[in-house]
Protein chains: 2
Amino acid sequence: MNDALQPLNLKEERRLQLLDAATELLAKRPTASLAEIAEHTRISKATLHRYFASRDALLTALAVRALALVSAALADCRLSEGAAPAALRRLIEALIPLGDKFYFLLNEHLWNVHPDLVAAEQATEVPIMQLIQRGQAEGSLRADLPVAWIMYTLEFTVFAAWQAIYDGNIARRDAAHLVLESLLGGIIAKA
Amino acid sequence: MNDALQPLNLKEERRLQLLDAATELLAKRPTASLAEIAEHTRISKATLHRYFASRDALLTALAVRALALVSAALADCRLSEGAAPAALRRLIEALIPLGDKFYFLLNEHLWNVHPDLVAAEQATEVPIMQLIQRGQAEGSLRADLPVAWIMYTLEFTVFAAWQAIYDGNIARRDAAHLVLESLLGGIIAKA
DNA sequence: CTCATATGAGATAAAATAGTCTCAAATGAG
DNA sequence: CTCATTTGAGACTATTTTATCTCATATGAG
């Protein structure tokens, strides 16, 4: 699965560029037709079909790539090392640029078509969950909030940041800071 | 638009039940076909068409109802009264059960079809934005986080709660408390 | 420049979804 | 119970989306 991260020839590079542009659009508009995806990626329908034989092939490629990138990011973050808040920071910084891909992994409508990838997707959740548990055990994260809930709020806040960047409402360079501040410290002013 | 909240005859009651069930499914799976919506709502395709003449009619009804319910909830919350944190609490408590409808209002893929409702949707954002601004001016909400970002994180956290309830991962009765705690106070343990 | 390859536009076919309709059965009120 | 209304199943039609293909043009490497 790390094949998705190997150095590539030009055509493969282009294919991934198209795939990433398609992912963006599909994150914003899951109902987009292939004609709309072609338009968004600035290629003709025929060319889109040359790169991805079918809608299913496109969605599969998307899922595989999302899994590979998120898994690699998680591994790079070494979530089991260092204090939990610092690890969480590394995680958030890594995930924001992958917000659309991360969003796809979290949504069930893709998995209906690709149940074979479900186990791999669930495997991406394990290190995050363990990090939260570790933080609670260490006393650095609140233990009164259920782990499951912390995961939801983390995941949705990361996607909110991706969306806010995409919409042009926050600057990319500010995003991680904003997520960290609001998620970790909350929005209430300190006394 | 408050017509959507008037006492109803039995058939209209049933129609709204169907509409609400369809809204749930479409929040989880925007690509659901009418056949899938019919199955989810436990009626036949023919009956679905009897209640909503077309997919467009269904989506329009959904948007109109979502707008009516969210607008009414916002009005009930009297966001300009009382301290900002208390008003925020009332807001969150009101919005969670409307999470699927709120999510729809925030997403662009519906408005492509119904640009006429865009102004009304944007009007629902104004009292929320004003509340945040008021909180910042009063010093109860952090002024270092942009208003736009606070709105994103609020909206996505509310939807996260709706989703978590729908998935069976948190209890409905706990949801508002969890949102308030994590959003307002953050997830870092207090020293 | 040449030439191999990639691409777009648009026509066409196939598949899926949306929409329409009929009639028997189910439902609910009186 | 009767009877008016609603519903489901499924056949059928219409529309949209997906997929396929051709050929002229564009592109890029040498």
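A, B, ... follow the sequence lines: proteins, then strands. Residue 1 opens every chain.
Rounded to whole Å, atom P of C:dT17 lies 12 Å from atom CZ of B:Arg29. Following rounding to the nearest Å, B:Leu18 (CG) and D:dT6 (P) show an atom-to-atom distance of 14 Å. Between the P atom of C:dA16 and the CZ atom of B:Arg55 lies a distance of 17 Å, rounded to the nearest Å. Counting to the nearest Å, the P atom of D:dT20 and the CG atom of A:Leu48 are 12 Å from each other. As rounded to whole Å, 16 Å separates atom P of D:dT6 from atom CD of B:Glu13. Across the protein-nucleic acid pair, A:Leu34 atom CG and D:dT20 atom P stand 11 Å apart, rounded to whole Å. What separates CG of A:Asp56 from P of C:dA16 is a distance of 12 Å, to the nearest Å. Between the CZ atom of A:Phe52 and the P atom of D:dT20 there is a distance of 15 Å, rounded to whole Å.
Listed by first and then second residue, the salt bridge (charged side-chain N to carboxylate O under 4.0 Å, His left out) pairs that reach into residues 168-185 of chain A are A:Glu181-B:Arg142, sequence neighbours excluded. For the salt bridge (charged side-chain N to carboxylate O under 4.0 Å, His left out) condition, the pairs that include at least one residue of residues 95-107 of chain A, sequence neighbours left out, are A:Asp20-A:Lys101.
Of the possible donor and acceptor atoms, none in the side chain of B:Gln136 sits under 3.5 Å from a partner among the backbone N and O of B:Pro146.
Side-chain nitrogen and oxygen atoms of A:Arg14 include none within less than 4.0 Å of the OP1 or OP2 phosphate oxygen of C:dA6. Phosphate contact (OP1/OP2 of D:dT6, side-chain N/O of B:Tyr51, threshold under 4.0 Å): absent.
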Protein heavy-atom contacts under 4.0 Å, written 5' to 3' over nucleotides 20-30 of chain C as B (base), S (sugar-phosphate only) or - (none), form the string BBB--------
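Salt bridge status for B:Glu93 with B:Arg90: absent, with no side-chain N to carboxylate O gap under 4.0 Å.
In the hydrophobic cluster analysis, where Ile, Leu, Val, Met, Phe, Trp and Tyr join through side-chain heavy atoms closer than 4.5 angstrom, A:Val118 is grouped apart from A:Val126.
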Paired and unpaired positions of DNA chain D as dot-bracket, Watson-Crick or G-U wobble under 3.5 Å, | denoting a partner strand
||||||||||||||||||||||||||||||
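The side-chain hydrogen bond (donor to acceptor under 3.5 Å, both in side chains) search around B:Arg78 returns B:Glu81, not counting sequence neighbours.
In plain terms, the two heavy atoms of B:Ala175 and B:Ile165 that are nearest each other are CB-CD1, 3.5 Å.
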Compile the donor-acceptor pairs under 3.5 Å between side chains in residues 150-162 of chain A and protein atoms, sequence neighbours left out, one pair per line.
{"residue": "A:Tyr152", "atom": "OH", "partner": "B:Asp167", "partner atom": "OD2", "Å": "2.5"}
{"residue": "A:Tyr152", "atom": "OH", "partner": "B:Asn169", "partner atom": "ND2", "Å": "2.7"}
{"residue": "A:Thr157", "atom": "OG1", "partner": "A:Thr153", "partner atom": "O", "Å": "2.5"}

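For A:Gln133, the CD atom is densely surrounded, since the number of other residues' heavy atoms within 6.0 Å is greater than 12.
Closest to the side chain of B:Thr47, from the set C:dT17, C:dG8, D:dT7, is D:dT7.
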